[in-house]
Amino acid sequence: MIRYLAAASIAALTVSACSSAGSTIPSGSGTSSNSPLTIGMSLPLTGPVADVSKSGYQGYQLWASQVNAAGGLLGRQVKLDVLDDGFDPSQTAADYTRLISRDRVSLLLGTLSSLLNAPASAIAARQGMLYVEPSGGAASLFSRGFTNLFFAQPGTTTSEPDQFVQWITSLPASQRPATAAYVTQDDPSASPAVTVFKTRLEALGIKTVYDQVYGPSTTNFDTIAAAIARAQPQLVIQGAVADDGAQFVRSLEKLNFSPKILFQTNAPADAAYPSGIGARNTEGVFTAEAWSPQANYPGNAAFVAAYTTRFGSAPTEDAANSYTAGQVLAAAVAAVGRIDQQALAAWLHTHTVNTIVGPLRWDAAGDPVGSLLLAQWQNGRLQIVAPKSAATTATVVNPKPGWAR
Amino acid sequence: MLELAQTLVFGVLAGSVYALMATGLTLTFGVMKIVNMAQGAFLILSAYLCYGLWSRFGIDPLLGGLIVTVPLAVLGVVLYQLIIQRVQRIDPGLTIVATFALALIAEACIALVAGPNPTAATPRYFNQAFRLGSLVIPRAQLYAGLLAIGVTVALQLIIRRTWLGHGITAASENPEGARLVGVEPARVGAWIFAIATASTAFGGAALSVLYQFTPDSQDVWIGLTLSVVILGGLGSILGAFAAGLLLGVAEAVTSTYISVRWAAAVPTLLILVVLLIRPQGLFTLATRQDVGT
């Protein structure tokens, strides 16, 4: 019996080890003026977030192909050196070490999620390499004193509440929610964002009636939903990371508890979200987004068209973020005129870069000076409702309609 | 009081589904001493098949489980004859490695066909509930719970009331003795594997309605089903059902009265306690280990 249990445990442990083993997609390096300019990155192309990382990778591919079509960077063709980390932070660290020390890439680009960008950016900082990341907005990443780290989104996750809280503040007192429930996954980006939500909304006089943190492996949200239904909050904020967003809503639906206002991080932007909760039940759900395909920023419409033509589907936010990271890197290289990691970082600290997510500039820690967009599901589409400069609709659905049956 | 009653209802319903998912593993682990690491992959495969029947042909995913039992049983027999039986002859312990390899292969194949995005069947009742006063009973979970009871009773009848069941019992308790009375353990093994994988189809059916799933969701469920089997006692179908209920209720009570975060630790804590107090599992009688070997 013990033998079987031990063997089962070993096998279970091996699952995670094998699933995170790194593998190489094309590799290359070069330092001469005629050789390609190699840009290294490690992405979770397999594993639990393989679905979103695919579009992130495609964003990078599109950016590289467009740069090459326009003559390359510093007259050299760009070549991507991409490793697969299987969504394992240890493998990510090993991959970036390999990219720098063995593959000797000229430049780096970041990976997906705070979980992976944390070790990757630390390796880059240790090696004195510029590190522009397309995601990884946890506030903790920008409190480590790194001067070479730049986040290629309009704001970090702690800026997620900005536009939403402004909107709540703009409501007449009679329409503001009186009570709120907070539930979040124990995650480096979701938890801090929900903490900021709670602090700011309590400052507005909105009483907290429920506050819980759940682990990443939580699959059953029925007891959480039941406790929230008993507390009857008018506003529910969920720090969702992936499919936990849809699972939570499904539990609320089963109890037929529909809060007047529902805000979820990340999950509502997932392609599988509408099918997971029933397409009609998306109506009125808020989320924060870094990018919108409709936003009227220079190059955005062309990016959407080129991506759709090349890959046969509309770009996701991850694709846009990767493309943006490429734009930031290219702008710095073009302006500095040479591959000098310190000079590139110094330039980015003092300049604004126009990208498809809008103009980006950074503080000394690489934290973008701005905030994310407030989006809401309306008639089957995610619309930007704030700020006004990026809004795709003047309407805000409030209160959220009850669940469709 | 209402809070406790609601918590118990959620716990019992969730637990019955855990038991349903673990029935196949109970049979292979308890009777054949095979830790089938591919059980989670079979579950996910069943969930995708039930989802496919629902999305393409409009067949209710829970009823679709009945249809999916056929290909799953065939798959079980084929895998047993081609791989498990041969590996068992070399070293019974190697079956863990073989089934683990099968799980990885199955996950990759499912991902190739279905893609990596989360999937869930949403039949008309997926977000509806019955109400008993203030008590909420989610319809999908109630149906899945009834399915779990039905499958448990059916399996119990097969084991207790049929010649096949008697053969399975004989082969598991004393293979040499079974052979002497004309029961060939290898043939019985194929039957057990077929029944185990077929019963997994119902677990997958419940999974497809109650949870979102991806090809790699098996990692979540293999741990949970192993916990149910160990708690219930090897080979005890009724034990697995009771253990599933215990696990579901313990998780629900922990979530409601202690912390949601502690709920994830409940299976491990329960196993530790049971192994300390009743190492043979909650519902298995301690037997001499030298009799059948």
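By convention in this document, chain letters (A, B, ...) are assigned in the order of the sequence lines, proteins followed by strands, and residues within each chain are numbered from 1. Just so you know, these numbers come straight off a predicted model, no measurement behind them.
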From the list A:K54, A:Q247, A:Q212, the residue making the most non-hydrogen contacts under 4.5 Å with chain B is A:Q247

Region of B:Y125 in contact with chain A, defined by heavy-atom distances below 4.5 Å | neither

Can you give the donor-acceptor pairs under 3.5 Å from side chains of residues 7-16 of chain B to other protein atoms, not counting sequence neighbours?
| unit_1 | atom_1 | unit_2 | atom_2 | d |
| --- | --- | --- | --- | --- |
| B:T7 | OG1 | B:E3 | O | 2.7 |
| B:T7 | OG1 | B:T256 | OG1 | 3.4 |
| B:S16 | OG | B:V12 | O | 3.4 |
| B:S16 | OG | B:L13 | O | 2.7 |

List in chain and number order the residues that pass side-chain hydrogen bond (donor to acceptor under 3.5 Å, both in side chains) with B:E251, two or more places apart in sequence or in another chain; answer none if no residue qualifies.
-> B:Y18

Steps toward side-chain hydrogen bond (donor to acceptor under 3.5 Å, both in side chains) verdict (A:D95, A:Q91) = CA-CA 6 Å; A:D95 283 353; A:Q91 188 61 46; 3.0 Å; yes

Return yes if a side-chain donor-acceptor contact under 3.5 Å exists between A:Y214 and A:D244, otherwise no.
-> yes

What part of B:R131 gets closer than 4.5 Å to chain A, counting heavy atoms only: side chain, backbone, both or neither?
-> side chain

Evaluate the ring planes of A:W377 and A:Y273, with Trp represented by its six-membered ring, and classify them as parallel (under 30°), tilted (30 to 60°) or perpendicular (over 60°).
-> parallel

In terms of heavy-atom proximity below 4.5 Å to chain A, should B:T214 be classed as side chain, backbone, both, or neither?
-> neither

Please flag which part of B:A121 lies under 4.5 Å from any non-hydrogen atom of chain A: side chain, backbone, both or neither.
-> backbone

Heavy-atom pairs under 4.5 Å with chain B, option from A:V183, A:V213, A:I277 with the top count | A:V213

Please walk me through it: do B:W221 and B:F42 pass ring pair (Phe, Tyr, Trp, His ring centres under 6.0 Å)?
-> CA-CA 11 Å; B:W221 298 109; B:F42 288 152; over 10 Å; no

For A:D186, is it the side chain, the backbone, both or neither that has a heavy atom under 4.5 Å from a heavy atom of chain B?
-> side chain

Side chain, backbone, both or neither of B:T99 within contact of chain A (heavy atoms, under 4.5 Å) = neither

